[in-house]
Amino acid sequence: MTATVKFGKDLTGLEGLSVEQIATVLDVAEPFKEISERPIKKVPVLRGKTIVNLFYEPSTRTRVSFEFAEKRLSADTVNISGAGSSIVKGESLVDTARNLEAMRIDMVVIRHGSSGASQFLAERIPSNVINAGDGQHEHPTQGLLDMLTMRDQLGTLAGKKVCIVGDILHSRVARSNIWGLGKMGAELAVCGPPTLIPHGIEEMGVRVLKRIEEAIEWADVLNVLRLQLERMKAGYIPSLREYNRFFGLTVGKLEKAARDILILHPGPMNRGVEIDSQVADGPHSVILQQVTNGVAIRMAVLYLLAGGSPERAEAAKGGRRT
Amino acid sequence: MSRPIVLRGGRVIDPSCRRDERLDVLLIDGRVAELGRDLPAPDGGEDIDVAGLVVAPGLVDLHVHLREPGDEHKETITSGARAAVAGGFTSICAMPNTRPPIDDPAAVGFVRAEGERAGYARVYPVGAVSIGLKGEEMTEIGELVAAGAIAVTDDGRPVWDSGLARRTMEYTRAFDIPFFSHSEDLGLSGAGVMYEGSVSTALGLRGIPNAAEDVAVARECMIAELTGGQLHVLHVSTRGSVEVIRAAKARGVWVSAEVTPHHLALTDEAVRGYRTEAKMNPPLRSAADVQAVRDALVAGVIDCIATDHAPHHYEDKEREFDDAPFGVIGLETALGVSMRELVVGGRLDLIELIDRLSTRPARIARLPAGTLVEGSPADVVVIDPDERWVCDASRFLSLSRNTPFAGEELVGRVVMTLVGGRVVYDRRDDRKAAREGVEVT
Ligand SMILES: [Zn+2]
């Protein structure tokens, strides 16, 4: 990577990143992966920085992944989350922003139920803001870790066929995958019940596959989304059983694949609904590797937004002076 | 009685009699007394030089939300009526979705009396169709009309029960008032917050499909046809609605329609960046819809422009897009936006635009307005049609600032507004105040 790749103050989505920026995050994540394999999993890259993990929605997975990333970079972290916290409950987002600014926080990681919430915050505070999922908009670090996992396995993303399966309408993971993978030259498709495919998705450069059998025939990679169980109550699908039969990724359907297909899932899984256990735990599943890569990607994002240079990431990891 | 006034040397544009010529206008005792060349200076009166300016009948807005009673921090009847005259409107129709709603004769009387007391634009109350706007029991529509209501509506929400819509369009025939329809199928609009399309998909915001409006407008037209009642469709925003209305008019159905300046000017692209000042219902639609409503206004399928002026407090809009309220203000930008979008490109002549902003809406609601023929009320707007100005929301007379046009250049500006022969807005005062650094009160 060249030294000219610069990052903005915030990471609110992959829509606004360039190909070079995405490639840089993925490259910088490589040296950081290794830190997690050591007995002492800590480097002093963000020493003295304060980071708030502001989680308006419960998400143990993403929060823990960010927290590990922050701690392994030696940042001081505070978690503010969901129920019980007055800062989240009684207060408007704009007031929370003012409070965070008054406390001189260096970085804020925000998870929020409303699309656009991370941008709203980013426009109002001088701290770096990292979107850990906003409504149905984006979940950029998930998109990046999915891409890193695919790149690890396939060597490149360019020209690879990736199909995202499930509830595309409500999925921020889908949108971040679509923006990111599209920029990196992958071919994209989505597949799911038509009630859960958003209007105008084709204009994002995505083909829509009606049946999962078509997706299996077409794809190199299937990224299977979690089906929120409340979609059934809201009338988008009639039953989970029917969903599993027609849109779930089962061994029976996957056996018919002409070639090996890489299986991803952002977790947490509903086994027996969108994915069967034999598939999730099978030889082509890289679901646990996604979790491992998640920490490395988040370390890379924190490092780069804090002003770290891509060239020095290797050195930073070693703790050596250059 | 106010002093006689001569507006001297202006270009008088009056769509009601297709007049467009340079004339002096004499206003006496609240009426247009005489039009002519070189009228003598009135005894003890005022002679105002309006050479180079347009003199037109005051603008008429069938659709404003004045928020009083209940939300006086957003707007009051007085502040709204004052913002109206700053925008050239001399007659405005106040929607009943206040807190409490305008669903009984006393409430109608309150709005009318407050409007008269304020002494800016004439404020005409629109009564509720149903008690509490609940869509269940019909209000005492006859009593509302007797108290001063000029139409009925449950605007803010549709009359979802087709049976009630039918009875409303039948019953209103006895009182010669239109039913104003907020046409929306709530099952289709659901929890949507913007137009459903590629922008909503990219932003991850829940969409409102055009069909939510199309289906409802079709229903209203069928019921109008069934009942012979007078239907006026509020804020038409889709190409589908336009086709439905065109077909209904061709069959002789008694239907009229309005479009807002923002639906004539903006598309869903304005929402990008989660701009809550571009959040309204119906939502900003696609470029094809904007094209369709413009063409329909030019062709007369859509009869008039109305603002759907919907004030909201700064803090209510300064929040997550999902949680921000629907609505934008429009009284002080309607003329400048409409002229920029329609007259500058040559789609409408100035007389045709004044027709859509004054004469036609006055006819729909049977208001004594929209004309400057001798004997008519001296409600007049003086416009500088060539002035280009930048919309500065901080200078609005409305109590609210929620406009999607802030910072944009608009064309055509109100110089002076008269109601009943009295100058109720004069921008020269405004400029003088700005120079001297005093607040206009
Ligand atoms: Zn409405």
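Residue numbering restarts at 1 for every chain, and letters A, B, ... go by the order of the sequence lines.
Inter-residue side-chain proximity for A:Leu93 and B:Arg319 is flagged as unmet; no heavy-atom pair is nearer than 4.5 Å. Under the 4.5 Å side-chain criterion, counting only non-hydrogen atoms from C-beta, A:Ser115 is in contact with B:Tyr274. Put simply, the side chain of A:Gln136 does not reach to within 4.5 Å of the side chain of B:Leu205, judged on heavy atoms.
Atom NZ of A:Lys9 sits in a crowded spot, with more than 12 heavy atoms from other residues, nucleotides or ligands closer than 6.0 Å. Residue A:Arg211 qualifies as open at atom CZ: its count of foreign heavy atoms under 6.0 Å is 12 or below. Enclosure of atom CD in B:Glu315 is not indicated, since only 12 or fewer non-hydrogen atoms of other residues, nucleotides or ligands lie within 6.0 angstrom.
Contacts between A:Arg175 and chain B at a heavy-atom distance below 4.5 Å involve the side chain alone, from C-beta outward. Neither the backbone nor the side chain of A:His170 comes within less than 4.5 Å of any heavy atom of chain B. Contacts of A:Glu123 with chain B are made by side-chain atoms alone, with heavy-atom separations under 4.5 Å and no backbone atom involved.
Taken to the nearest 0.5 Å, the CD atom of A:Glu15 stands 7.5 Å off from the CG atom of B:Leu203.
Heavy atoms only, all atoms of each residue included: A:Ala117 and B:Glu320 are closest at CB-CG, 4.4 Å. Residues A:Gly200 and B:Ser198 approach most closely at O-CB, 3.9 Å, considering heavy atoms.
Of the listed residues (A:Ser171, A:Gly135, A:Ser114), the one with the most heavy-atom contacts under 4.5 Å to chain B is A:Ser114.
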Only pairs under 3.5 Å count here: list side-chain donor-acceptor contacts from residues 288-298 of chain B, not counting sequence neighbours, and write none if there are none.
residue: B:Asp289; atom: OD1; partner: B:Asn210; partner atom: ND2; Å: 3.0
residue: B:Asp289; atom: OD1; partner: B:Arg239; partner atom: N; Å: 2.9
residue: B:Asp289; atom: OD1; partner: B:Arg239; partner atom: NH1; Å: 2.9
residue: B:Asp289; atom: OD2; partner: B:Asn210; partner atom: ND2; Å: 3.2
residue: B:Asp289; atom: OD2; partner: B:Arg239; partner atom: NH1; Å: 3.0
residue: B:Asp289; atom: OD2; partner: B:Ser286; partner atom: N; Å: 3.3
residue: B:Asp289; atom: OD2; partner: B:Ser286; partner atom: OG; Å: 2.7
residue: B:Gln291; atom: NE2; partner: B:Asp295; partner atom: OD1; Å: 3.3
residue: B:Arg294; atom: NE; partner: B:Leu264; partner atom: O; Å: 2.8
residue: B:Arg294; atom: NH2; partner: B:Leu264; partner atom: O; Å: 3.0
residue: B:Arg294; atom: NH2; partner: B:Glu341; partner atom: OE1; Å: 2.3
residue: B:Asp295; atom: OD1; partner: B:Arg347; partner atom: NH1; Å: 3.4

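Taking 4.0 Å as the cut-off between side-chain N and carboxylate O, A:Arg98 and B:Glu318 do not count as a salt-bridged pair.
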